[in-house]
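To start, the structure under review is shown below, and the notes come after it.
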Amino acid sequence: MHDPMHRRRLLGLVGAATAALATRPARAVVSMQTQAAQDAFTGPGANPYWNSVGPYVSYPQKLPLQRLTDRPIQLETPRQYFREAFTPNAAFFVRYHLPVTPNEIDLAAWRLSLSGAFAHPVEFSFEQLIRTFKPVTLAAVNQCSGNSRSRFQPRVPGGQWGNGAMGNALWTGVRLRDLLERAGLQRSATWIQFEGLDRGVGADDKPSGRFMKSLPAGDASLDRAVIAFLMNGEPLPMLNGFPVRLVVPGKFATYWTKHLSFIRALTHEDDNFWMKPAYRIPDTPGGDTTPQAMASGKIRSVPIGTVDMPVRSFIVDPDGSVPLVRGLPTQIRGVAFSGQGAVAKVEVSTDGGRSWKRAHLGQDHGPYSFRTYSHAWTPPAAGRFTLAVRATDRAGHVQTDHGVWNPGGYLWNRIERQDVTVLSA
Ligand SMILES: Nc1nc2c(c(=O)[nH]1)N[C@H]1C(S)=C(S)[C@@H](COP(=O)(O)O)O[C@H]1N2
Ligand SMILES: [Mo]
């Protein structure tokens with residue numbers, strides 16, 4: 001981890017800045033199963049583990065998290081940290097693609113460079129970055145494209161995440177557009193490429209040794225993108241991208257480049273491995289297809305950055321670990337979000353999705369944030385109950401019972417359920 005000297009220096013700089021403020025994609029389907037077999041896993045009434053089943057391991061600056069893999073490091077956030085709108089930095093999930101990740105970064109030597117189709121290619125030191133541009137703060141959910149991939153039936157290759165490959169934070173940083181303008185982004189630029197400092201052999205057969213992601217130069221998401229140096233008011237944990245990371249509100253986390261150090265204005269489409277064939281979705285409504293359609297070879301694919309994150313909601317409490325009591329009031333609560341428009345409504349069902357009641361929404365932290373919800377429920381009888389939650393966003397999208405399928409295991413957003421046992425007092 002980085003030297004405490006650097007941390008102190010960073011905090012000093014950050015203080016000055018804030019004072020101014022007020023996988024490899026599937027090549028083949030692993031197994032074919034009948035609709036009945038699929039429903040047993042993911043159909044209505046199914047109650048898969050909320051998290052993955054990895055061991056709890058503590059990494060530097062991190063509480064014990066559920067480890068999927070060590071090289072690259074992949075750590076999942078346990079369910080209980082989603083009780084609040086903001087995910088603690090020390091509990092925030094971690095996902096890398098390459099095995100060699102920075103353990104320390106000398107802030108005095110670190111630079112963010114802008115190269116390629118700019119009138120004035122430029123490099124910024126950390127101090128220049130935070131002093132030159134006006135800092136902004138916004139809340140946004142960072143969600144891995146493969147969050148909940150373990151629900152896919154048929155199963156697809158890739159990290160078998162439960163629901164904990166997501167987190168919400170208050171990000172403070174400078175606007176990407178301000179930097180692009182300062183460097184004189186040229187009209188010939190069609191894609192903007194981002195790269196961090198992690199290195200090594202990844203899922204690529206011909207190892208690039210670098211993780212690079214690009215968005216179209218005119219993409220609306222770049223207007224809201226922020227180069228963040230604070231996460232929930234603190235320097236970013238090393239594993240979440242110290243000293244700065246890209247935050248692209250509404251887009252999946254694959255574009256949220258950690259240890260962001262290289263920004264390149266490209267005059268051609270980026271076809272490096274991490275843009276093609278990795279991180280692509282079928283060019284179909286909702287990125288939904290079938291193994292059969294994939295096998296036909298007729299499905300065109302597009303980068304996952306083509307879409308914003310679909311609406312989701314989660315039951316955090318109760319979690320089924322303790323029985324409820326008949327006649328004793330309890331709170332059903334959790335979080336909801338959408339990259340396609342703020343959460344407009346959250347509804348809760350206590351009869352497995354047959355009838356729905358509107359939940360109470362918690363504080364509004366902006367359109368890209370988690371929104372907490374709660375619903376008071378007094379179990380009317382002893383027995384088994386299936387709770388369910390569904391959210392609707394301002395664009396009118398509502399969660400359904402349909403489980404999406406695509407070979408990358410992306411875009412899962414079906415209605416979540418939780419079975420609970422109720423005892424007679
Ligand atoms: N430098 C770098 N940035 C990266 C990645 C990476 O491998 N290297 N992975 C991306 C992906 S796919 C995800 S899901 C998020 C995870 O962010 P986190 O580790 O801060 O939770 O980082 C994104 N940014
Ligand atoms: Mo990801």
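We count ligands from 1, going down the list as the structure has it; atoms in each ligand are counted the same way.
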Are any of the side-chain nitrogens in Asp223 or Arg177 under 4.0 Å away from the carboxylate oxygens of its partner?
yes
Should the pair Asp393-Arg371 be classified as a salt bridge under the 4.0 Å nitrogen-to-oxygen rule?
no
At less than 4.0 angstrom from any non-hydrogen atom of [X], what atoms of ligand 1 do you find?
X      : answer
Cys144 : 14 (S)
Asn240 : 18 (P), 19 (O), 20 (O), 21 (O)
Asp198 : 1 (N), 2 (C), 6 (C), 7 (O), 8 (N)
Val94  : 19 (O), 21 (O)

Look at [atom] and say which protein heavy atom is nearest, naming residue and atom and giving the distance to 0.1 Å.
atom                    : result
atom 24 (N) of ligand 1 : Trp256 O, 3.0 Å
atom 6 (C) of ligand 1  : Phe211 CD2, 3.4 Å
atom 7 (O) of ligand 1  : His97 ND1, 2.7 Å
atom 23 (C) of ligand 1 : Ala253 O, 3.1 Å

When Leu361, Val311, Val335, Thr392 are each screened for side chain to side chain contact (heavy atoms under 4.5 Å, CB included) with Val346, the one that passes is Leu361
Please work out which of the three classes, parallel, tilted or perpendicular, describes the rings of Tyr96 and His259, given edges at 30° and 60°.
parallel
Mutual orientation of the aromatic rings belonging to His97 and Trp274 [parallel < 30°, tilted 30-60°, perpendicular > 60°]:
perpendicular
If you take the nearest heavy atom of each of Met231, Arg95, Glu195, Arg245, which one is closest to atom 17 (O) of ligand 1?
Arg245
Is it possible for you to check whether Lys213 lies under 6.0 Å from the centre of the six-membered ring of Tyr255, through NZ or CZ, and within 45° of that ring's axis?
yes
Going by distance only, is there an N or O of [X] that falls short of 3.5 Å from an N or O of ligand 1?
X      : result
Lys258 : yes
His259 : no
Tyr279 : no
Phe93  : yes

Can you confirm whether more than 12 heavy atoms, excluding those of Glu84, are under 6.0 Å from its CD atom?
no
Quick look: Asn142 vs ligand 1, heavy-atom contacts under 4.0 Å, and the answer is side chain
When the aromatic ring centroids of Phe133 and Phe124 are compared, is their separation below 6.0 Å?
yes
With Trp171 as reference, evaluate Trp256, Tyr368, Phe229 under the ring pair (Phe, Tyr, Trp, His ring centres under 6.0 Å) test and give the passing residue.
Trp256
